[in-house]
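One structure is given below, encoded as structure tokens.
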Amino acid sequence: MKDTAKKGNGEKRAMDVSCSANGKKTTGSKKDDDGSFPVKIQGAGVEPFELQVHGFWLVQDAIMTVLGREEVAPRMSIALALSGVTLDPMMELQDVKGFKAGVTLRLVEEPYSPRSAQAHLARVQDMLKAVRPQDALMEGRSPAVLNTLTQTSEAPPTLHSSKNKRANSKTEQSGEAPPPPACILPGASEIPPLTTLLPTNTHSEAPSFLLDLSLSCWNPPPGFRKLQGDFMYISVHTLEGKHCDITSCPRGFYVNRSTLEVFDPRPAQSTPVCHCLTDLLSHISPQFKHNLSTLRHRPSLPVEETLSTPYRTVSWLGISSLHSHKPSFSGRLGLDQDLSVQAPDWNKELQTARDLPQRSLEERLQRGRALLQVNSAFVWAVAQAAEKVIDGFVDSISGSHGDPAFLCGGVFMSMPAHRDQLLGGERSHRAAQRLELRCVQAYSDLDGDLQNLHTIPTALADYRGVRLSAQGLAPGIQGPEQAEVPSGLLYGYSAGPLENPSRRKLLELLAQSAKALSLQRHAVLGLTGHQLPLFTSVDAQGILGADGRYYLLDVYRTMPADANFLVEDGEEGAETEGSFPRRYPHVLCRLRPELVKAFIQHKHAEFSQRVKAHMEENGGVEECMKSADSPNIDAVRKACKDVGSVSDIIFEMRFNPNVYSPGVEFPSSDSDAVELQKRLLKEAASFIINDRIPEFMNDCIHGTDIPMDGASLRQALHQKGINLRYLGHLILSISQSDRKHQLRHITRLAFAEIVVRCAQRFFSGYIQGVETSNLSAAASHFLCCLLVPHFSSASNGEESKKRSRRRGRGGGGAADSTAWTALSGNELWSLICQDAQETYRLKEGLGSNVDHLVEQYGLQKISLLREMCLKTGIQLRLREYILDTRNKAPISPDDVLNILPVVKHITMTTTDATRMFTAAQNSLQKGLLEQAYEQLKEATYLFGRVCDDLHPEACHCLSLLAKVAYVQGHPAEARSVQLRVVVISERVLGFDHPNTIQQYVLLAVYLLAGGETALAQRCLYRAKVLLLAVHGADHPYTAVIDASLGLVLQGEQALQYLQSALKLNSSFRGDADLTTALMHHLLAQRQCVAGDYRGGMNHEKEAHSIFQSKYGEDHPQTKCSSDFLRNITQQAVRVERSIRQGGAELCDTPPEGLVPSQDTTLEQLALVNGILKTSYSTRMMEFKEKLKEMKAAEEAEKAQLENSESTNKNEASELQSSNGEVTEEVTANGEQTQEATDANAESQSAETNACEKSDHSNMNGQIESHLHNGNCATKNESEEEEQQSNTTNGVSTESQSKSSNVLMSVNEAQSESAVVNGKECVVKDDSEKQVETE
């Protein structure tokens, strides 16, 4: 199974992370906090080293960890011994007699078997393979590019490494920062060259080790030599020109006397028998020994770059291997065939991993890692099997030519069948495949006892236009206990009535799963007219496998139907634009699980309001609470009926998945329940239109969702529960909105997604009929037709015909094989427009050709090309493409390097890590930074144990950890973590993924804090280049990058970038938005530095006007802006006076108060990028007023008590704690104070009018920061001293006040703060909702 050899190494690194929170590592024999302790490893010719192990590890786990060490590689077939006794591999280390921390374990060389000898050869050839930056691109994988930025003359070569990081290295002292490239300057018309997206070969070529390493011509050994232990013969050609034949035997390897002409297997004179092949090769070839030593002493790459990713991240750009392709030795050694003879049983592997125990955290981590490894290996096997099946290397195992099925590598693959014409033909079959995968994911995510309900490993592979459904082999079915049980089927539409213990157990599991998935138990009429109770759709089948497990199959209709696209008989009339319901090309339109969850929450809120309203009708809420139960029960019953609850006594929303399913009949007694279900589904469909889509648009306007490409748009829509079939309605809603100009980037992305999806559907049928020899020509021709208006094969001259003649095809299939050349740009665009109109109801939105979208909506052709390649798996050569030409094909057949399978698969949940990550996010929302920091470190450790951090969620967790570390005043740690984040994002998500762009910008902030200005600028340059290529300059996030560049750069260029950021912010967020005010202030500051006081004064007036309109005159932010504006005005007057008087007395440098310091610049950078956030809630103020009233009442009651004096003192301190602003004061000398209290009291008392006195001091909001200097302070010194004495949840405020602000997500830029006159003032949004906790 894939990745088994790396398990120990990944666990060791994760353990190292957990015990090195601040870059410090605990050593010694003392047991570490995570349960690991050191042991010493020596022997077998290896330099002694120390290894961290766990007592619960098996000896085999420790061996695998040792084999993963670079000091040991490529050795294989070794054992561990303690005190001369070889340890049993299946024994736990803690059970070994005499085993303790600090003990010395010896490596013992074990005899080889034929298979272990081949495995050793495979490791040798992997180690000797010349690793280059382009290797990932040649294999179609996304590379890590950060390496090429950090390994420069200004930066230390180990800057990217996860080891030996220098905390605050100042690497720029001797060199100047590079100027920004012309292509990323504001207003640049040309997009950056594609060659800047990926690195050229900046590294020296790795040294060669051997001229040849292959199987000898005398292989395999004859029978009499097999009896003497010969496994194989290997031929070696050294760099010195020496030819040798090597024998592999149980003891190792030795040189024999055979030559090319003579077979003589006897050992050569004076040759040693070496257990490791590299030891023998070093003995034979001095040059091999030297180059191997160089290889071992090369700078070590970080673990994130060396480990293979769980799933392949396809890169749409690559480099040609025409002149640089170096064959590996594996094919010539026969390793590719012999090592994979036995195909794994993927279902057995997956179910065995699922059945691992989960009683303790350690067991759950091991189970999670096993599940991820099995699923990862299955997905890689699916990709390889798809290529072999479609390329014609695998014969069909089914007798039917119209419905072929294949078995390759243990994966069962089925081709599209055309039996679903009733449901919509091939499109319905593709939809069923997609829905099956989604519902398998839903059942796989169920926890607890429901994990006894199994599904078969499933994936989808799109390759060369064909969608293959891939599954593990289903287990055999247990024999029927009764004659009427068809083939052991226990549950399903055709199962028939029967009763046995196995069926009852399966029905119990299905009932529990239905509750978890909000599915309703219902009855349908069976084939014989009897009522059949169901917990799923009618298509689902439940079986008892031969392995004793319960399996659920055919679950593609599990989710309820989408009533917006289901037209009943007589319901469809004259459709108006944007009207629903409407017909769709297929009838398998189902709601997403995210939508079902959101709709239930929406109905629950409506239920609570209805209960309250009915209680008020019965005399008020308080009267109903005091009276008997009857009014309360009546109110609940009425509310249940109003909202459509399936129960009339409690709120319970369930959905019938078979409503609106064709051919399904329900009993007449259930007609009322069916009508209720239809009503609920119509309400859910309206909920998408009237609630979710407007909410998505609002989030895009306010910056909480900033999609940059098709993938991020799809993710944002799916998180809201919006299917992509609503793209046309989304465009219509935006066009009818009064803020459509602010959502133009969403319109642009939606149009691009529609074009790409329609083009992909046509491409699937187009490319299937093309001969293999014409694939590159056909793919390039299709891309040219898509991107070049009026393109045709005639406009491309006779080039394609010449290529066809050169390739020498036979005459039989010539007519069919050249049919693809008849496609023209106009024909393709008309087909796309027709499909867009049928699927998305776009009538005239796409225009006559692609140039209409370019001119009307600002769509970039290069962005469209990228999306199309990622959708279809096409990989293009890394070069410049001039897509505006009409005389020559911009993309030639030689530019198409490969077509790769695009695999869709389920993801394995990392339950404990995800839970801890969520807890850390909740702690951040409460302002508990220290607690969040510890939780994030714990979550990072858990992610590392399960997935080696190579997981999208682990990437987000590490990114948040870097933010918290930075806010707490640890920029070196933030930089160290963020370097890992960028590499993980590049390899797991893609080198040009939107998340990678954002992580580069965050890395620039941390680098600048450490004094690495040039490297920070290069990171910002790269982020801007990627954004321009992926989307273009007209995007809200461009304002963030430009503002960051404006703060990092100096002089005229800084002003250009800040002006660009101001223009974009005004355009996307509005002239009166707070982020626009922040941009005005930043420009005012920089113009004052440049000496343009009049321009600075104008911008600060704009900022002051916005603050005044938002907050009023008395708000601290408005006052700070007034002070800064007054200082600018005074300086401008002095300058004018000096000019009139001759200018001799005025100094050229502006006053100190107008020049931002380095700390101020860093603070502003953090605010612009969303690392710091200040928020102030009007609800918090309202709650404080309630507390004051309650406090006054309490004081009046207790004034008569004997100990009134002491009581009043205590209560005064509580009042101070609860009524004081949740504020962090950062003084000029760096001393910080903070008051942080718990939000639970606020949420409880906001719902009830009374709260207990003990909760008053536990109110916690989000931290508000001020950089005070002079008049901008809003609290006096005595108040600051009193605040320092407050504590939060038992944690002293002093320990929590290392940060200056609470974190927010990168995209959340509504509430910002400005730094005015060297002092930070808080930009607050009154509309922001305070976080409530249950």
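Small disclaimer: the values here were computed from a predicted structure and weren't measured.
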Quick one: list whatever passes side chain to side chain donor-acceptor pair (under 3.5 Å) with S116, sequence neighbours left out.
S113
Partners of T996 by side chain to side chain donor-acceptor pair (under 3.5 Å), sequence neighbours excluded?
S985
Between the side chains of R257 and D245, is the shortest nitrogen-to-carboxylate-oxygen separation below 4.0 Å, so that they form an ion pair?
no
Can you list the residues that meet the ring pair (Phe, Tyr, Trp, His ring centres under 6.0 Å) rule with H237, with sequence neighbours excluded?
H243
Donor-acceptor check, side chain of D391 to backbone of K388, threshold 3.5 angstrom: yes or no?
no
side-chain contact (heavy atoms from CB on, under 4.5 Å) filter on E47, not counting sequence neighbours, yields none
Going by the salt bridge (charged side-chain N to carboxylate O under 4.0 Å, His left out) test, which pairs reach into residues 265-281, not counting sequence neighbours?
R75-D279, D264-R266
Who pairs with R251 by side chain to side chain donor-acceptor pair (under 3.5 Å), at least two apart in sequence or on another chain?
none
Can you find a pair of side-chain heavy atoms, one from V39 and one from E50, that are under 4.5 Å apart?
no
What residues, two or more places apart in sequence or in another chain, satisfy ring pair (Phe, Tyr, Trp, His ring centres under 6.0 Å) together with F253?
Y112, H120
Does a side chain donor of either Q978 or Y1000 reach within less than 3.5 Å of an acceptor in the other side chain?
no
Any side-chain heavy atom of Y254 within less than 4.5 Å of one from P272?
no
Please name all residues satisfying side-chain contact (heavy atoms from CB on, under 4.5 Å) with S285, sequence neighbours left out, ordered by chain then number.
T238, E240, Q287, F288
Aromatic contact, W218 with Y233 (centres under 6.0 Å):
no
Ionic contact status for R877 with D894, cut-off 4.0 Å
no
Applying side-chain contact (heavy atoms from CB on, under 4.5 Å), name anything that partners Q228, two or more places apart in sequence or on another chain.
F224, R225
Sequence neighbours excluded, the answer for side-chain contact (heavy atoms from CB on, under 4.5 Å) partners of Q384 is none
Testing the basics here: between T313 and V988, what is the closest heavy-atom pair and its distance to 0.1 Å?
OG1-O, 2.7 Å
Kindly write out the residues that satisfy ring pair (Phe, Tyr, Trp, His ring centres under 6.0 Å) with F231, not counting sequence neighbours, or none if the list is empty.
none
Under the side chain to side chain donor-acceptor pair (under 3.5 Å) test, residues paired with S235 that sit two or more places apart:
none
